[in-house]
Protein chains: 2
Amino acid sequence: MSSQQTMTYAWVVARTRSRNACKTRADLLSAARRRFGTEGYDRTTIRAIAADVGVDAALVLRYFGSKQELFAAAADLNLDLPDLTAVAPGRLAGALLARFFAVWEDDETFLALLRASMTSESVAETLRQVFAAQVEPTLSAVVPDHPRERAGLVGAFIIGLATTRYALAAPGLAAMDRDQITAWATPVVDQLLTGPAPPVPDSAAVRQLPRRRPERQRASLLPSVP
Amino acid sequence: MSSQQTMTYAWVVARTRSRNACKTRADLLSAARRRFGTEGYDRTTIRAIAADVGVDAALVLRYFGSKQELFAAAADLNLDLPDLTAVAPGRLAGALLARFFAVWEDDETFLALLRASMTSESVAETLRQVFAAQVEPTLSAVVPDHPRERAGLVGAFIIGLATTRYALAAPGLAAMDRDQITAWATPVVDQLLTGPAPPVPDSAAVRQLPRRRPERQRASLLPSVP
DNA sequence: AAGACTAGTCAACAACCGATGACTTAGACG
DNA sequence: CGTCTAAGTCATCGGTTGTTGACTAGTCTT
């Protein structure tokens with residue numbers, strides 16, 4: 001793969017700033033974020049991260065203890081959302097989206113967390129805590145009612161944008177630039193934050209009437225030729 | 001893990017419907033969907049799938065050739081979206097959301113595809129083709145303008161709902177039921193589908209004037225392919 | 001009932017990965 | 001210059017996984 005590049009890089013660096021533990025540690029964290037962000041948790045190997053920086057794999061474990069601890073150190077996410085109570089009501093969505101674009105594109109911390117959360121329950125829990133500790137309070141402060149529902153929907157939309165654009169690289173979203181996406185997403189976020197709540201019963205009162213039919217048995221009993 | 005349970009299951013079944021290749025194959029596909037959908041591609045092992053059904057791991061490879069081919073067979077997704085041109089304009093979002101909820105909850109095909117697409121470029125390509133072949137045409141047929149943008153945004157919202165509710169199990173979305181989520185999501189989808197397009201320049205014509213800051217040379221990787 | 005076909009099993013290989021502990025060497029200090 | 005500490009390396013282990021080929025045993029046909 002890129003063994004030659006890695007070797008050269010390691011050689012140059014080795015002569016340039018050899019034996020600098022602090023820098024090496026920071027480089028390892030950066031390389032780990034890049035690997036975890038692009039390949040996910042399982043496909044990322046300690047050996048690959050070490051090779052990116054040009055050190056031995058054993059050193060990585062010596063610094064961070066284990067792969068999980070390395071990931072926890074690399075995926076420590078701080079959204080640093082603005083205080084929306086100090087923002088003009090008409091610019092709520094714009095401020096939010098601008099901050100999220102920065103989080104997404106500054107480094108690969110968010111992407112690493114997002115990718116890993118799809119296959120690891122513990123990482124998913126980490127992401128849920130990020131949401132509960134940073135997103136929910138920020139949004140609840142500027143919302144007229146139903147804070148849990150509104151925050152959840154806005155969070156889903158934000159996660160959807162990130163997933164579709166950065167992880168999935170779907171052509172629709174990947175082809176648009178920041179300003180276009182912001183323009184389209186702003187009214188959506190505005191509506192979810194401050195628009196009227198939908199006329200829906202919160203309990204199971206009306207959930208009885210138009211129940212759908214069996215929805216066709218998708219048991220897939222017809223395999224193709226073996 | 002559940003070796004005893006599995007053994008018992010295999011024993012009972014072995015006496016009940018032994019040597020039924022068609023049924024065994026279907027069971028393997030079902031177990032594969034469940035495993036891939038809950039644990040992702042990498043954490044799912046051939047041995048675990050085989051143990052779920054109660055057969056030897058070698059048989060799985062004998063039927064499907066390789067792990068990748070097994071996944072391809074298990075994650076063959078057909079959204080079966082309704083023809084929206086035959087739906088009353090006021091019920092577009094409702095019809096769409098109802099169908100997507102069915103896709104999400106009927107079986108784990110979609111979840112398997114979604115989880116695996118986060119860490120596999122080839123699976124991501126598969127999901128992009130599903131979108132391009134099934135979602136985009138369906139939405140473009142009922143949209144007044146900007147079909148690519150509107151379809152992309154609706155797709156992002158849909159993916160966000162699925163990710164947040166089923167893969168991430170975020171408390172906000174997981175606590176709401178189908179009808180509540182549908183009620184909140186309907187105006188959003190309606191607005192994205194048929195609402196007014198935002199006043200934004202489509203090309204690089206006006207993108208010059210209010211140029212932001214130097215953008216922090218963190219070139220990053222937007223749509224990259226490893 | 002005998003053979004043939006095929007569903008299913010068994011054992012093992014080769015590769016890879018995370019982790020461990022002993023070893024080596026660079027560089028600061030006296 | 002010698003030494004000591006920390007940075008970094010090396011060899012290796014134990015475990016897992018995908019994959020393979022040879023083998024066993026039901027079931028159907030004639």
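So you know, we letter chains A, B, ... as the sequences are listed, proteins then strands, and number each from 1.
By the 4.5 Å heavy-atom criterion applied to side chains, A:Thr24 and A:Leu59 are counted as neighbours.
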Begin with the C-alpha distance, continue with both residues' side-chain angles, and end with the deciding distance and a verdict on side-chain hydrogen bond (donor to acceptor under 3.5 Å, both in side chains) for B:Tyr166 and B:Glu105. CA-CA 9 Å; B:Tyr166 300 98; B:Glu105 299 182 351; 2.7 Å; yes
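Here D:dG21 is the nucleotide among D:dG26, C:dA26, D:dG21 with the atom lying nearest to any side-chain atom of B:Ala58. Residue A:Arg19 has its side chain nearest to C:dA26 when only C:dG8, C:dC17, C:dA26 are considered. When distances run from any side-chain atom of B:Asp56 to the nucleotides D:dT19, C:dC10, C:dG8, the shortest one goes to C:dC10.
Regarding B:Arg43, its CZ atom lies at a distance of 13 Å from the C1' atom of C:dG18, rounded to whole Å. Remark: P of C:dG18 and CZ of A:Phe71 are 14 Å apart, rounded to the nearest angstrom. Following rounding to the nearest Å, A:Tyr41 (OH) and C:dC17 (C1') show an atom-to-atom distance of 11 Å. Atom CD1 of B:Ile49 is separated from atom P of D:dG18 by 8 Å (rounded to the nearest Å). If you measure from atom CZ of A:Arg47 to atom P of D:dT12, you get 14 Å, rounded to the nearest angstrom. Straight-line distance from the CG atom of B:Leu61 to the C1' atom of C:dA12: 14 Å, rounded to whole Å. Computed from coordinates, the B:Leu59 CG to D:dT24 C1' distance equals 14 Å when rounded to whole Å. Nucleotide C:dT20 holds its P atom 16 Å from the CZ atom of A:Phe64, rounded to whole Å.
Distances shown here put every side-chain N or O of A:Thr24 at or beyond 4.0 Å from the OP1 or OP2 atom of D:dA7. Note on A:Ser66: every side-chain N or O is 4.0 Å or more away from OP1 and OP2 of C:dG18. Residue B:Tyr63 has a polar side-chain atom (N or O) positioned under 4.0 Å from OP1 or OP2 of C:dG8.
Two residues, A:Asp42 and A:Arg62, neighbour DNA chain C, and the one matched to the more 5' nucleotide by heavy-atom proximity is A:Asp42. Residues B:Ala57 and A:Gln68 each lie close to DNA chain C; by heavy-atom proximity, the contact nearer the 5' end of the strand is made by B:Ala57.
The CE atom of B:Met118 lies 10.0 Å from the OG1 atom of A:Thr119; values are rounded to the nearest 0.5 Å.
Ring-plane geometry between B:Trp104 and B:Phe110 is classed as tilted, the angle between the planes lying from 30 to 60 degrees on a 0 to 90 degree scale.
A:Ile46 comes within 4.0 angstrom of the backbone, heavy atoms only, and of no base. Within 4.0 Å (heavy atoms only), A:Ala21 reaches sugar-phosphate atoms of the nucleic acid but no base atom.
When each of A:Arg35, A:Arg47, A:Arg34 is tested with A:Asp52 by the rule side chain to side chain donor-acceptor pair (under 3.5 Å), just one qualifies, namely A:Arg35.
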